[in-house]
Amino acid sequence: MAELSLQEARQRVEELRREIRKHNYYYYVLDSPIISDAEYDALMRELQELEARFPELYDPTSPTQQVGAPPQEEFRPVRHTLPMLSLANAFNEEEVREFDRRVKRLLDGGPVEYIVEPKYDGLAVELIYEDGVFTVGATRGDGEVGEDVTLNLKTIKSIPLVLREPEGRPLPKRLAVRGEVYMDIADFKRLNEERLAQGEPPFANPRNAAAGSLRQLDSRITARRPLKIFFYDVGQCEGIEFQTQEELLKTLPEFGLRVNPLFRKCGTIEEAIAFHHELEREREALPYESDGVVIKVDRFELRRRLGEIARAPRWAVAYKFSPRQATTRIKEIILQVGRTGAITPVALLEPVELAGATISRATLHNQEEIAAKDIRIGDLVLVERAGDVIPEVVKAIPEARTGEEREFVMPEHCPVCGSRLVRPEDEVLYRCPNISCPARIKESIRHFASKGALDIEGLGDKLVNQLVEKGLVREVADIFHLKREELVALERMGEKSAANLLEAIERSKQVPLSRFIYALGIRHVGERLAELLARHYATIEELMEATEEELQAVPEVGPEVARSISQFFSTEKNREAIKRLLEAGVRPIPERVEIEEARPLPLAGKRFVFTGALRAFTREEAEELVRRLGGEASSSVSRKTDYVVVGEAPGSKLAKAQELGVKVLSEEEFK
Ligand code: IVH
């Protein structure tokens, strides 16, 4: 670094702090970063270095200060500006309508609008900003007095140390802002894995993990925990006033305070109920845990008139999602055959209400699990349903046994085609080895037509059964050759539904590449991976030709997945099936181009291969650099390679490059 005068350093430090705060705002509040992580890290590093060289530039609100401070003896008590209340609960629609009627009665009729937000499962906190600077933050405690966790809150990256100044609006003298500190489910799982690896006890759930992390006397520990915050309320403020919750939720982000955009304004209580159901259905897709919604009267003036009772406001209610667990009895255990031939034991249950649906089957995964959990036919069991996921039997309740229960014995033959089941050595699953087993064909067609795949409306389970049983469809491509006369001859199929189905089949031919890849049903390739592959490969043909090594350059593709993909495409039967689909007129639409246009990176689309030892980087670093700049790094040279970078003592790849006429770069040129 060049020698800087104090004056120059001050200027640069201020510039860097401004710049980093701006990027924090884009990243945490708008959730759309405008620079790469590497560029952000570089700015941060430069600031840290300058601050270390010029201690006189210390500023407690600098973005570098979010790393934690030496441990405290205890948490100081803090009195909240206004009490932090709790919420009354509602468990069904009727209780919510009752809440609405009471609100309207107390307000003597008149229209009431509501804001409905997810209810977060974390810890409520209040933060005070004075003249835009974060001064004190506390937990909810008993609602009147909480614990001073300022130092810990300062380490949370989505909490700004200074407020952003919105255009044309002065910073308030005092802003007491409230929200929920929480941990994303994925971060929670990762944290627990780390803890287990280090011999520490795992946290029971994301809420406990968030609470345990925030209530650390050593804030340097908090700094390493992936905590986040959503703001949703204010306490006593000076120099700012909100008329409605909607205004509050729209204004806080302008100050750099992170608000969840997932809220809805509802003109009637029925709309609020509908939003609850909508979120309940999508619950599993949320990155954080939510156990319901909070329905709040929008207007603050009305809230003041409604007041509170028993430490809970009369203007809000927590409408809980239905529980995801229930107990019921196993009537029988049967076998289900999947599209890969995998055999899954399924429990037939006495029907039970669970998370908004009646459940009569639940998966038992495999026969080892049944044995390990000692689950028997006739047992009373705990079943769990997580969103769209298939319900599963969590455990048996042996205390309720009568002695009439029977142990499950794994059958030796496929229940559908009678083939002898096989169990590959390294697997827990039994498989039906018969590729023409009708159960397997049905399942692969169902998968192909399902929502995340070609999404062929009207091609449901019953119809698939008929089509396969009548021999009209033997493999997926046959769908595209179905004729009107064949369809109308089927049970429960009129002219109209036949025409609709044919139209839906026709429409499905134009399919985004990612969904086409997913539809193929390659082992280990779910919707997300299919998307990553479609970002990487412009066409299905390109993907089909990719080697295992090349596949591993795709984000999230490890050796096992790469092998599975490559095996799938090298199987003649699969290549043939794809060929037939394309011949039938299926046109996977490339997706890669759009992505590249959205964020042009300097090396986008360029493929690099390294050979020999580099001086300035390890091989891994150089490859990582290429990927960060949008390029691809692979380990073998082909005609598709753009550059081969040659270090010391290059291997045969150099010769290969010269043979194919691929451009060769020295390390200096690469840099
Ligand atoms: S508003 C009293 N909004 O629920 C109303 N609270 O049971 C002020 N909570 O302590 C709170 N998500 O920890 C509000 N979107 C949300 C919430 C929420 C979770 C928690 C909060 C509060 C508790 C009350």
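Order of listing sets the numbers, starting from 1, for every ligand and every atom in it.
- Contacts with ligand 1 closer than 4.0 Å are made by no heavy atom of Met84, backbone or side chain.
- Between Phe255 and Tyr129, the ring center distance fails the sub-6.0 Å criterion.
- Heavy-atom distances between Gly122 and ligand 1 stay at or above 4.0 Å for every pair.
- In terms of protein heavy-atom proximity, atom 4 (O) of ligand 1 is nearest to Lys119 NZ, 3.4 Å.
- Remark: ligand 1 and Glu117 share an N or O pair separated by less than 3.5 Å (distance only, no angle test).
- Contact between Ala318 and ligand 1 is absent, with no heavy atom of the residue lying under 4.0 Å from the ligand.
- At least one N/O-N/O distance between Leu87 and ligand 1 falls below 3.5 Å.
- From the protein, the heavy atom lying nearest to atom 3 (N) of ligand 1 is Lys296 NZ, 2.9 Å.
- Residue, atom and distance of the protein heavy atom nearest to atom 17 (C) of ligand 1 are Tyr232 CE2, 3.6 Å.
- Interface of Leu85 with ligand 1, defined as ligand atoms under 4.0 Å from a residue heavy atom, comprises 2 (C).
- Side-chain contact between Arg195 and Leu191 is present, with heavy atoms from C-beta onward closer than 4.5 Å.
- Of the protein's heavy atoms, Glu180 OE1, 2.7 Å lies nearest to atom 13 (O) of ligand 1.
- Atom CD1 of residue Ile295 and atom CD of residue Glu117 lie 11.0 Å apart, to the nearest 0.5 angstrom.
- Each of the following atoms of ligand 1 lies closer than 4.0 Å to a heavy atom of Arg140: 10 (O).
- Residue contact check: Pro313 has heavy atoms under 4.0 Å from atoms 2 (C) of ligand 1.
- Residue Val294 touches ligand 1 through its side chain alone, judged by heavy-atom distances below 4.0 Å.
- Heavy atoms of other residues, nucleotides or ligands lying less than 6.0 angstrom from NZ of Lys395 number 12 at most.
- Using cut-offs of 30° and 60° on the angle between ring planes, the pair His276 and Tyr319 is parallel.
- Among the candidates Lys104, Arg299, Arg264, Lys265, the single residue satisfying the salt bridge (Lys or Arg N to Asp or Glu O under 4.0 Å) test with Glu113 is Lys265.
- Residue-level proximity to ligand 1 for Asp233 is carried by the side chain, the only part with a heavy atom below 4.0 angstrom.
- For Ser86, the closest heavy-atom approach to ligand 1 falls below 4.0 Å.
- Residue contacts with ligand 1 for Tyr120 involve both N, CA, C or O and side-chain atoms from C-beta outward (heavy atoms, distance under 4.0 Å).
- For an aromatic pair to be called close, the ring centres must be under 6.0 Å apart, and Phe203 with Phe188 fails this.
- Nearest heavy atom pair, residue Glu19 against residue Leu43, reads CG-CD1, 3.8 Å.
- Using a cut-off of 4.0 Å between Lys/Arg side-chain N and Asp/Glu carboxylate O, Arg281 and Glu278 are scored as not salt-bridged.
- Contact of the Lys154 side chain with the Gln66 side chain is not registered, since no non-hydrogen atoms from C-beta on lie closer than 4.5 Å.
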